Amino acid sequence: MSEVACKIRGLEKAFGPNKVLRSIDLDLLPGKVTVLMGANGAGKSTLVKILCGVHQSDSGSIDLFGRPFRPRKPAEAFQAGVVTVHQAINDGVVPDLNVASNLMLDRLTNKKAGFFIAERNIRSEAKKIADTMGLSLDVNLPVSELGVADRQLIAIARAMARNPKVLILDEPTSSLSAKEADSLFKVLERLRKTDVAILYISHRMSDIREIADKIICMRDGSISGTFSTKPLDYEGAVTAMLGHKMTDVDIKIAKRGEEILKLDNLALSDQSIGINLSVYKSEVVAITGLLGSGKTELASILFGVKRPASGTIYLNKKLFSPNNPREAIKKGVYMSPKDRASNAVIGDFDIERNLTLPFLGSYAWLSMLRFKFLRKLARNKIEEMGVICQSENDEIETLSGGNQQKVVVGRWLMEPCSLLVLDEPFQGVDIKARRDIGTYIRKTSNSRATIVLVAELDEALEIADRILVMNEKSLVGEHVNDNVNINKLLGDIAGKNLMPEQISRQ
């Protein structure tokens, strides 16, 4: 098939005086994956919302397989064959329904389906859809009982089942393990062969190198670069996206202070080898590893959410065994959790209240909140973190994903602590926001020990003095971030460098 699947010409969109799309020209080709890159606020989300019928453009045209395409609502886009999986994963699933009903939702809501639908048929068809994505879930399970990664896969599987002509995926692997991402890439390869045009929004270089046929960059509402000549110029694409050359981050290894955290033979499970580790004041330690390697379990133990199977923790040379997060915070251990939408952002609160929530007791006088003081603190943190907003009174959900993440991380930098644990602080943010957050974390690290849990290797290299690798809930590698042997580091992550006693436990 040689014709253009989706042809966009001169697309413009403004919200009041703010022009968010400026004369966008873009072609999506059948059987090709076009990767769209852009910093927060570049206009990616608005472009996607126009394609899927949430917004209408002010001017310009869209042709779908040679015919004018101007959906006035998502249902019209879906009927035309344009299917979108949004980054906000709860937009793609219904938590109160089970897996089978979620996968079959489009058929269940179809007026032609009739009043009575055999439950056995629903489960059978849902199982077929799940199998195409390699999902081994019990289709009778409520989606509310599943984690973010499984919800993401369900939303993607449901989109695949719609037989799309144009498929739009917004950061689809942000919550997936390497194995789950590989399953997704295999499905995309099958869709390629059926001439589906795929628009894939991502900043993950591992994704882009794996699947991209073409890279389109956006900046300030305009197309700032197109890269389609193989081999694709990834560095040039990042430069086009940011507006300046992305240079390597110059990490100056911090001089260690006193020991803040010590793990003595700490076992995360009955089957795992005990972890022995010390983290020091002024040091930023990145812990990386595949999904299921134990990173999040370790963070949960340090923050009092879970208990270890065995072993001992010392904080400032004193026994540390918190029963809950309140105890951990009181002892000076703060944690920013991953998945801000479910675990961190409070949608009904403005920026100020999201920032100051954990420490309101410290900002009160005789049980009365000091509102002027709170406002000043919030304004200072907004400026320090580079949060783009109108004021501290903006609702948190009006911010872009990267700016929401700055607020989430900034919340735990409002007060000094002994140990700061950040679980996936760069999840779902663009490269510029990642750099802003990482720079501020290092800038403020002198007074504490910092542990950053990341899935992407480049994120670890950009922020850490020392990089630790976990595999099968055990510590398997340690690398000072100075001329790192990348091949050995990748081998540790993949589990290729395990010792015999570690292999025997798997």
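In this text, all values refer to a predicted model and were calculated from it rather than measured experimentally.
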With distance as the sole test, does [X] use its side chain to make a donor-acceptor pair with the main-chain N or O of [Y] at under 3.5 Å?
X: Q404; Y: L399; result: yes
X: K13; Y: L21; result: no
X: K262; Y: L277; result: no
X: R379; Y: E392; result: no
X: N471; Y: S293; result: no
X: K214; Y: D27; result: yes
X: Y334; Y: P416; result: yes
X: S282; Y: A254; result: no
X: T398; Y: D394; result: no
X: S445; Y: V284; result: no

Spatial distance of atom [atom1] ([X]) from atom [atom2] ([Y]) [nearest 0.5 Å]:
X: I463; Y: F426; atom1: CD1; atom2: CZ; value: 3.5 Å
X: R434; Y: Q405; atom1: CZ; atom2: CD; value: 12.5 Å
X: C6; Y: I168; atom1: SG; atom2: CD1; value: 7.5 Å
X: Q56; Y: K49; atom1: CD; atom2: NZ; value: 12.5 Å

Can you name the side chain to side chain donor-acceptor pair (under 3.5 Å) partners of Y440, sequence neighbours left out?
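Testing Y440 for side chain to side chain donor-acceptor pair (under 3.5 Å), a comparison that skips the adjacent residues, returns K381, E384.
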Quick one: are [X] and [Y] in side-chain contact, heavy atoms under 4.5 Å?
X: L26; Y: I216; answer: yes
X: M218; Y: L36; answer: yes
X: L315; Y: K331; answer: yes
X: N403; Y: C389; answer: no

In sequence, state the C-alpha distance, the side-chain angles, and the governing distance for R22 and E12, and then conclude on salt bridge (Lys or Arg N to Asp or Glu O under 4.0 Å).
CA-CA 5 Å; R22 306 168 187 269; E12 305 257 343; over 6 Å; no
If the test is side-chain contact (heavy atoms from CB on, under 4.5 Å), which one of T288, V421, L422 qualifies with L453?
V421
Using the test side-chain contact (heavy atoms from CB on, under 4.5 Å), find all partners of D213 that sit at least two apart in sequence or belong to another chain.
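If we apply the side-chain contact (heavy atoms from CB on, under 4.5 Å) test to D213, skipping adjacent residues, the hits are K32, V33, R192, K230.
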Against D465, only a single residue in R442, K255, R256, K252 fulfils side chain to side chain donor-acceptor pair (under 3.5 Å); can you say which?
R442
Identified side chain to side chain donor-acceptor pair (under 3.5 Å) partner of Y200 from the options T34, D170, D207
D207
